[in-house]
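Structure first, then comments.
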Protein chains: 2
Amino acid sequence: MSFTIKDIAKISGVSTSTVSLVISGKGYISESTREKVQKVIDEYNYRPLRSARQLAANRTGNIGFIISDVHLSRSEAFYSRILLGAELEARNYDTYLLLSTVPVHINAPDDFPRFLKGRDVDGVIIVGSVSPILIDHILKLGMPIALVDYRVPGLEIDSIIMDNRYGLSLIVEHLVHQNVTHIGFVGGSFYHPSIKERFEGYQTAMERLGLGDISRNKNYHYLVEEETTTDIGSLGAEQLLKTVNNLQAIICVNDTTAIGCMNKLQSLGKKVPDDILVTGFDDVNYAALTNPSLSSIHVPKIEMGMGAMKLLMDKIENPDKISQTQLIPVKLVERMSSIRPNRE
Amino acid sequence: MSFTIKDIAKISGVSTSTVSLVISGKGYISESTREKVQKVIDEYNYRPLRSARQLAANRTGNIGFIISDVHLSRSEAFYSRILLGAELEARNYDTYLLLSTVPVHINAPDDFPRFLKGRDVDGVIIVGSVSPILIDHILKLGMPIALVDYRVPGLEIDSIIMDNRYGLSLIVEHLVHQNVTHIGFVGGSFYHPSIKERFEGYQTAMERLGLGDISRNKNYHYLVEEETTTDIGSLGAEQLLKTVNNLQAIICVNDTTAIGCMNKLQSLGKKVPDDILVTGFDDVNYAALTNPSLSSIHVPKIEMGMGAMKLLMDKIENPDKISQTQLIPVKLVERMSSIRPNRE
DNA sequence: CTGAAAGCGCTTACAG
DNA sequence: CTGAAAGCGCTTACAG
């Protein structure tokens with residue numbers, strides 16, 4: 001068997017309480033004692049047994065990471081970065097992440113993540129939109145939640161969201177500065193707040209720049225009540241081309257749709273950026289690899305994941321803390337797809 | 001607080017031992033007692049606390065799932081299905097999967113998954129090729145391993161692999177039956193055994209069908225010491241076209257390279273399948289969505305993940321069991337990309 | 001087939 | 001600042 005806290009205590013000549021205190025960093029320990037004990041711990045490479053620790057401290061040491069199956073498969077490049085960020089931060093808390101996908105529409109309690117049925121996590125991070133039934137259920141369990149890229153207005157839950165409206169205003173300004181004014185928008189279902197905010201950001205920015213007639217013109221935006229896929233991007237491009245004269249640019253609600261959009265434009269004989277400018281949102285890692293490279297709004301995904309983990313652990317340690325919403329800043333990344341040629 | 005085993009014992013009028021036995025299904029319990037206790041458990045929706053259980057039984061209840069960062073990012077569609085399979089099976093053992101990526105080349109112990117440093121898993125599943133240093137280290141820890149899509153000859157480790165050679169013979173036969181004989185091969189680094197086996201399968205099948213002169217002709221295959229990406233597929237297509245007269249078909253080592261290959265062929269004005277046939281391997285979920293749809297070798301990924309989990313749990317319960325290698329059968333899926341038009 | 005009891009390896013008031 | 005001791009909620013020989 002491995003060493004236990006008793007062994008370490010005996011070797012160091014102190015009590016197990018003292019060893020425990022040294023490890024956890026809690027309480028007051030004289031510097032000399034701490035050093036003495038720490039030396040023994042290091043020497044024997046001692047690590048406390050998780051399950052014993054958990055049992056005694058009434059913590060599981062696990063955090064649930066929940067995402068809808070549809071989001072994960074549709075925007076894997078986006079959400080997997082958030083998972084990575086959360087995992088990186090989890091290491092600082094000596095916590096493990098338990099990943100679970102859930103159906104978009106929860107029908108039965110059977111669809112809940114199984115770590116919820118046991119008492120196997122101390123809290124959960126939920127990424128993207130998810131059934132209100134699930135959130136309700138977790139709340140009733142009294143379990144802390146941190147939301148990423150989602151919000152439930154009216155509920156007291158920590159959340160981390162990116163500044164979608166601001167991102168859209170950056171794009172619109174970038175285009176208008178190039179004297180591009182006939183700007184279409186391809187979006188998706190408002191079920192996801194980010195999608196809605198991006199569309200609203202488009203409208204607000206257009207109106208602010210005196211292009212309100214365009215942003216309110218039905219022909220200028222193609223929205224579908226579906227998940228944002230490359231297909232939606234293709235359909236949107238086709239549709240806008242059909243209904244709008246003199247279309248100069250298409251703002252896509254995210255990079256995935258932008259890629260579908262560019263492919264469709266090219267297969268219809270329209271060159272990007274020569275004939276039409278295209279932009280995305282999220283700046284997923286393949287955005288720089290498309291041809292032409294895709295202009296996008298950079299979203300710090302890793303940081304969002306880390307932030308969620310921090311918020312959650314903070315909430316677990318201080319249950320009475322007031323919940324907050326963090327708005328993560330974004331920035332424009334100009335690439336080939338949105339640079340108008342021969343501007344001079 | 002929640003109910004404990006003591007509460008259940010008191011309510012049912014038995015001892016905690018009996019309740020424990022009912023839950024675990026171990027030992028002999030009279031049917032009537034079992035029913036009585038089970039009823040109370042169901043009624044109060046009792047679930048034993050993991051950490052207590054783990055502490056008492058000296059099990060962590062966790063399994064580590066290790067994959068190299070490069071594999072995961074290159075073949076995400078393939079390996080994520082294996083993860084899903086393992087997760088599905090994990091539920092049957094009431095076990096959680098702890099996911100960790102590792103660098104392809106481990107340099108320092110710091111690169112090891114952190115669940116290895118603690119004693120936080122009962123065993124690990126390793127997917128794809130991984131540094132021998134890591135495997136050595138785990139073996140020294142005395143921790144059971146199950147390998148998926150990888151093998152270390154000479155070591156006693158359970159492994160699950162697909163029948164790569166047989167898959168390749170199916171492809172070659174399928175092509176030759178259509179009177180296609182000028183068949184090239186695009187592959188990757190032999191660091192990964194599957195890649196090597198597929199190439200060898202190609203050679204063996206070609207020779208068996210009397211086309212040995214082709215399979216041994218360097219001009220007929222493009223192999224690079226790199227991860228198999230779409231780029232490799234493009235390069236391979238270009239290269240084979242350049243060096244081989246009358247090229248009729250290209251067998252790609254997996255679907256990813258096949259997609260790069262098809263794109264390149266089309267951009268060079270060659271039609272698939274009219275001018276050249278193309279095949280892949282793995283049958284990832286987007287293989288059916290390419291244009292033309294891609295013929296491939298179907299690999300039961302979910303089943304492989306489940307199988308690995310079973311092998312591993314079996315090994316954990318019976319440490320003296322002899323390790324085995326399971327060869328998973330594969331089958332050809334004929335789609336448009338390999339059907340020669342106007343055969344009649 | 002079932003119960004009493006020890007023990008798993010920690011944490012945490014409590015006392016000093 | 002440190003130690004003795006109780007207790008976390010289970011499992012598992014052991015006895016009967």
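Keep in mind that the numbers below use all heavy atoms, side chains included, and drop hydrogens, waters and symmetry copies. We name chains A, B, ... by the order of the sequence lines, and we start the count at 1 in each one.
Between C:dG3, D:dC8, D:dA4, one nucleotide has an atom nearer to the side chain of A:Leu55 than all others, and that is D:dC8.
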May I have the list of side-chain donor-acceptor pairs in residues 128-145 of chain A shorter than 3.5 Å, sequence neighbours left out?
{"from": "A:Ser129", "atom 1": "OG", "to": "A:His71", "atom 2": "NE2", "distance (Å)": "3.0"}
{"from": "A:Ser131", "atom 1": "OG", "to": "A:Ile133", "atom 2": "N", "distance (Å)": "3.1"}

For residues 21-32 of chain A, run the donor-acceptor check on the side chains, cut-off 3.5 Å, and write out each pair with its distance to 0.1 Å, sequence neighbours left out.
{"from": "A:Ser24", "atom 1": "OG", "to": "A:Ser20", "atom 2": "O", "distance (Å)": "3.2"}
{"from": "A:Ser24", "atom 1": "OG", "to": "A:Leu21", "atom 2": "O", "distance (Å)": "3.4"}
{"from": "A:Ser24", "atom 1": "OG", "to": "A:Lys26", "atom 2": "N", "distance (Å)": "3.2"}
{"from": "A:Ser30", "atom 1": "OG", "to": "A:Ser32", "atom 2": "OG", "distance (Å)": "3.3"}
{"from": "A:Ser30", "atom 1": "OG", "to": "A:Thr33", "atom 2": "N", "distance (Å)": "3.2"}
{"from": "A:Ser30", "atom 1": "OG", "to": "A:Thr33", "atom 2": "OG1", "distance (Å)": "2.6"}

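Among residues two or more places apart in sequence or in another chain, the salt bridge (charged side-chain N to carboxylate O under 4.0 Å, His left out) test is passed with A:Glu43 by none.
You'll find the side chain of A:Ile8 reaches within 4.5 Å of the side chain of A:Ile41, heavy atoms only. Counting only heavy atoms from C-beta outward, the side chains of A:Val299 and A:Ile328 never approach each other to under 4.5 Å. Annotation: side chain of B:Lys321 is in contact with side chain of B:Asp314 (closest heavy-atom distance under 4.5 Å).
Both key distances under 3.5 Å define a Watson-Crick or G-U pair, and stretches of 3 or more such consecutive pairs in DNA chain D run C:1-3 with D:14-16, C:5-12 with D:5-12, C:14-16 with D:1-3.
Here B:Thr18 reaches the OP1 or OP2 of C:dG3: one of its side-chain N or O atoms lies under 4.0 Å away.
A salt bridge links A:Arg114 with B:Glu87: the distance from a Lys NZ or Arg NE/NH1/NH2 to an Asp or Glu carboxylate oxygen falls below 4.0 Å.
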Applying side chain to side chain donor-acceptor pair (under 3.5 Å) to B:Asp120 and A:Tyr96, what does each step give before you reach the verdict? CA-CA 10 Å; B:Asp120 301 337; A:Tyr96 287 114; 2.6 Å; yes
Tell me, for nucleotides 10-16 of chain C in 5' to 3' order, what letter each nucleotide earns: B for a base near a protein heavy atom under 4.0 Å, S for only sugar-phosphate near one, - for neither? BSB----
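For the segment residues 29-42 of chain B, the set of residues with a heavy atom within less than 4.0 Å of an atom of DNA chain D is empty.
Remark: C1' of D:dG9 and CZ of A:Arg59 are 18 Å apart, rounded to the nearest angstrom.
Between the side chain of A:Thr95 and the main chain of A:Tyr93, a donor-acceptor pair closer than 3.5 Å is present.
Between A:Phe3 and A:Tyr46, the ring centre distance reaches or exceeds 6.0 Å.
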